[in-house]
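Have a look at the structure below before the remarks.
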2 protein chains.
Amino acid sequence: MVRLSHEVPTNDLAANLCNRLPSAASAPLRLWGMGVMATLRDVAREAGVSVATASRAINGLGNVTGPTRDAVLAAVKKLNFVPHSGARSLTRRKTDTIGVILPDLFGEFFSEIIRGIDLVAHESGMHLLLGNMHGSAHETAAAVASMRGRVDGLLLMPPDMKPELLAGHLDPALPTVLLNYDASPLDLPFVAVDNYHGAYAMTEALLDRGARQVVHIAGPKHNRDARDRQRGFVDAMARIAKERSPVILPGDFSEEAGQEAARLLIQGQLPADAVFASNDLMAVGCIQQLGEAGISVPRDVMVAGFDDIPLSRHISPALTTMQVKIDRLGSTAMMMLLRLLRGETLGAASGNVLTPTLIARGTTAGPVGLAAVTKALAAKEQEAP
Amino acid sequence: MVRLSHEVPTNDLAANLCNRLPSAASAPLRLWGMGVMATLRDVAREAGVSVATASRAINGLGNVTGPTRDAVLAAVKKLNFVPHSGARSLTRRKTDTIGVILPDLFGEFFSEIIRGIDLVAHESGMHLLLGNMHGSAHETAAAVASMRGRVDGLLLMPPDMKPELLAGHLDPALPTVLLNYDASPLDLPFVAVDNYHGAYAMTEALLDRGARQVVHIAGPKHNRDARDRQRGFVDAMARIAKERSPVILPGDFSEEAGQEAARLLIQGQLPADAVFASNDLMAVGCIQQLGEAGISVPRDVMVAGFDDIPLSRHISPALTTMQVKIDRLGSTAMMMLLRLLRGETLGAASGNVLTPTLIARGTTAGPVGLAAVTKALAAKEQEAP
DNA sequence: CAGATCAATGCAACCGGTTACATGAGATGC
DNA sequence: GCATCTCATGTAACCGGTTGCATTGATCTG
């Protein structure tokens, strides 16, 4: 590694700061930890005005003469003053920060949500404080509690938590929007994906496409998304294919679970001609494993997923799936939270349900060819709303 | 889509929650905006002690009698008191939060970094305040400034920014670790990926594998990662394949850029037998476009990428690439920051360089078959360090 | 039993800003 | 010229905790 030598713009400034301190004795090698940042008092003294005037000048409030303002701003520049947001938010009772608490931070799903949130938050000059409940309910409580005094509002996504349990942990004084969680019992505004109808539509489409026996690979048992998708599947089967009892294999949203399900299918000799996985990752794992066993997708068996992760477009054949616009989930929630912060009243009635879109790709293209299926599925979609 | 009516478990539960509130009289529709959170003063009054004692009891400091402590804790529970972190951090001069400023929030790369950071931060009870510079240098300054008083330290990733420019915006009093940025000139600790040697190794491996003419698809011009990778490529070519002048096609890390490069390759009739893209996404785009033109990978041309995004394993043939353990980047940086916060002194000399690993997959498997190549490349890898 | 020791507790001054209200000088009106 | 109004500025009380120091009452010591 090359070491360039050139002056570090530290010391002169450090010297300035040090001189202003009563004890200018021993110059430390490093400034960190000293925390000798200029305060508003310093600025006021430097400019020869009171703190009140300095504060007004800096915040561009009225009632400050031109020369006074200039003097203050000059002092600000000279001392390199940056207002202390922590102190400011204490009096203003406003932190310009919103807390985001997610179950974990794995994968594209969460980065997309965060991106959607940030997009809107950034426009309104809001910051994002990230909390991570790392799965456990206990940690969720801690995460929510630690947000007090740090944030103006909360975006919370507690997929595995029961409403009653959640209610006890929430601060009723803190504007909160729930992510991907129908919170009717709590009367909190929320944004959710219509997993039920999405799964229903996908099942219907598979049956429509000629499948006789659709097998569902389920998600984690206590995960609401997974449960809703499973319900959608079961109901669609019950309604359209009464005579056939729905087969459900266990899963946990992981690629391995998809592979495992495929192995069960192969070994168990289940008479399936279509697999509907509760998410794309499992569908991908399933396809891969089926392929290794010499079973062709879609000729021998059709496969569909849910989410439309970027990977889905790229595998071959490409995966048919329900597209969920994940960033929209985040941005919509953030917009609702902003309205809440503006004083609007939103309850569970203002819940926002995002309908996923069916994207037909290669894994459900039967012998008749991809084009025909796409058309058929698109038509199916059209007739819905 | 069929819209089924099915009962939503709403009203009974909502009623339950309302009943649990003390004032059953005129139940307010919403509590938000009232902001009537209990303060330490309230707790002290309720428990019949002074605020000082209440504070000590709550924080578990010594010098508090059993009965007193119990009274305070009872009051805490009764009033549902949660300490106001903002106020606390003002006096403690400690926020238990670290700021993370990233260029943008697109894609797996950033979610992995954040996950790595969170992993370590969470262990130490630290929170993450997310800042996003949205590309512009001006915003970077604003983002850094707005962190003052909110965070104890900073993790900063300014890929397109010149050190001199950066220096002016940094607060010398705030412990800072730079991400993916060799900050020697600033004498700040950093964690970076060894893009140069990674690219060098990959180029070498391709030539070694029998490529006569390797073409490089570059990343964004002012991006340091991209520039380092390009340098690695150029140097490797100069050293190993002196007689052949290196060909470099422009790119911007996007899938489209990879496709465009492929088109140039096809139209331009460049005599390339290997393509080394500056990142995986471009490699994927390139392969896809080559395939459409009837050019077979790897038989007609080998392709390699950089990053090892999840997608790389799943396309077919799977992509040979340099694996960067992105989450390690985040967790290592966070660990360094923690040491800084503990008072240790770290300069640029403590920079941490992560070496990427060559992962040989299908796109560089020649007619001789994948196994042989993997072995050859692995051997190559071995002899390197 | 007086005086020293010590633990538990209270008082009040912070942290670094904001802002209601007081002050006082200059402009205006009569 | 005096009362009044205006508006820039200063004073000080917050926000909600933490913490150094003083106070108090009880226990210990000789």
Side-chain angles (χ1 to χ4, degrees), chain A residues 34-73 75-76 79-96 145-152 171 173-174, chain B residues 35-72 75-76 79-96 145-152 171 173-174:
Chain A
M34 304 189 59
V36 279
M37 205 68 193
T39 75
L40 187 63
R41 259 94 178 163
D42 299 326
V43 172
R45 194 181 318 128
E46 174 74 28
V49 298
S50 72
V51 282
T53 304
S55 173
R56 291 184 195 114
I58 289 169
N59 291 304
L61 302 178
N63 298 348
V64 184
T65 345
T68 311
R69 186 196 317 282
D70 293 345
V72 172
L73 295 184
V76 164
L79 301 182
N80 223 306
F81 170 77
V82 178
H84 188 290
S85 329
R88 170 176 286 182
S89 64
L90 191 55
T91 42
R92 287 213 181 147
R93 295 151 158 284
K94 202 161 157 297
T95 60
D96 294 321
S146 73
M147 290 284 169
R148 140 112 161 135
R150 291 178 196 276
V151 301
D152 298 333
D171 172 357
L174 193 67
Chain B
V36 279
M37 206 65 194
T39 74
L40 187 63
R41 259 94 180 164
D42 299 327
V43 172
R45 194 180 319 128
E46 175 74 28
V49 298
S50 72
V51 283
T53 305
S55 173
R56 292 185 192 111
I58 289 169
N59 292 304
L61 302 178
N63 297 347
V64 184
T65 346
T68 311
R69 186 195 319 282
D70 293 345
V72 172
V76 164
L79 301 181
N80 222 305
F81 170 78
V82 178
H84 188 291
S85 329
R88 170 177 286 183
S89 65
L90 191 56
T91 40
R92 287 209 179 152
R93 292 149 159 286
K94 200 159 159 301
T95 60
D96 295 322
S146 73
M147 290 285 170
R148 140 110 161 135
R150 293 177 193 277
V151 301
D152 298 335
D171 174 356
L174 193 67

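Residue numbers begin at 1 in each chain, while the letters A, B, ... track the order of the sequences. Excluded from the calculations below are hydrogen atoms, water molecules and symmetry mates; all remaining heavy atoms, backbone and side chain alike, are included. From a predicted model like this one, the values you see are computed outputs, not experimental measurements.
Closest to the Ala52(B) side chain, of the nucleotides dG17(C), dG16(D), dT19(D), is dT19(D). The Thr65(A) side chain lies nearest to dT9(D) when the options are dT9(C), dT9(D), dG16(C). Between dT18(C), dG16(D), dA8(D), one nucleotide has an atom nearer to the side chain of Thr68(A) than all others, and that is dA8(D).
Asp70(B) places its CG atom 14 Å from the P atom of dA8(C), with the value rounded to the nearest Å. Counting to the nearest Å, the P atom of dC14(D) and the NE2 atom of His84(B) are 17 Å from each other. In this structure, Asp96(B) atom CG and dG17(D) atom P are separated by 16 Å, rounded to whole Å. Between the CZ atom of Arg93(A) and the C1' atom of dT19(C) there is a distance of 13 Å, rounded to whole Å. Counting to the nearest Å, the P atom of dT24(D) and the CG atom of Asn63(B) are 18 Å from each other. dC15(C) atom C1' lies 9 Å from atom CG of Leu90(A), rounded to whole Å. In this structure, Phe81(B) places its CZ atom 10 Å from P of dG16(D), rounding to the nearest Å. Put simply, CG on Leu61(A) is 17 Å from P on dC21(C), counting in whole angstrom units.
Inter-residue side-chain proximity for Asp171(A) and Val82(B) is flagged as unmet; no heavy-atom pair is nearer than 4.5 Å. Using a 4.5 Å cut-off on side-chain heavy atoms (C-beta onward), Ile58(B) and Leu40(B) make contact. For the pair Leu174(B) and Arg148(B), the minimum side-chain heavy-atom distance is 4.5 Å or more.
Residue Arg56(B) places a side-chain atom within donor-acceptor reach of the base of dG20(D), judged by atom type and a 3.5 Å distance cut-off alone. Residue Arg88(A) places no side-chain atom within donor-acceptor reach of the base of dG16(C), judged by atom type and a 3.5 Å distance cut-off alone. No hydrogens or angles were tested; on distance alone, a donor-acceptor pair under 3.5 Å links the side chain of Arg41(A) to the base of dG17(C).
An OP1 or OP2 oxygen of dT18(D) is reached within less than 4.0 angstrom by a side-chain nitrogen or oxygen of Asn59(B). Phosphate contact (OP1/OP2 of dT9(D), side-chain N/O of Ser50(A), threshold under 4.0 Å): absent. When the side-chain nitrogen and oxygen atoms of Thr91(B) are compared with OP1 and OP2 of dC14(C), none of them lie within a distance under 4.0 Å. Taking only side-chain nitrogens and oxygens, Arg45(B) never comes nearer than 4.0 Å to OP1 or OP2 of dG10(C).
If you check every strand for non-hydrogen atoms under 4.0 Å, Arg69(A) touches nothing. Here Ser55(B) lies in heavy-atom contact (under 4.0 Å) with a base.
Exactly one residue among Val43(B), Val49(B), Asp42(B) makes a side chain to side chain contact (heavy atoms under 4.5 Å, CB included) with Arg45(B). That residue is Asp42(B).
Smallest separation of non-hydrogen atoms from Val64(B) and Arg69(B): O-NH2, 3.3 Å.
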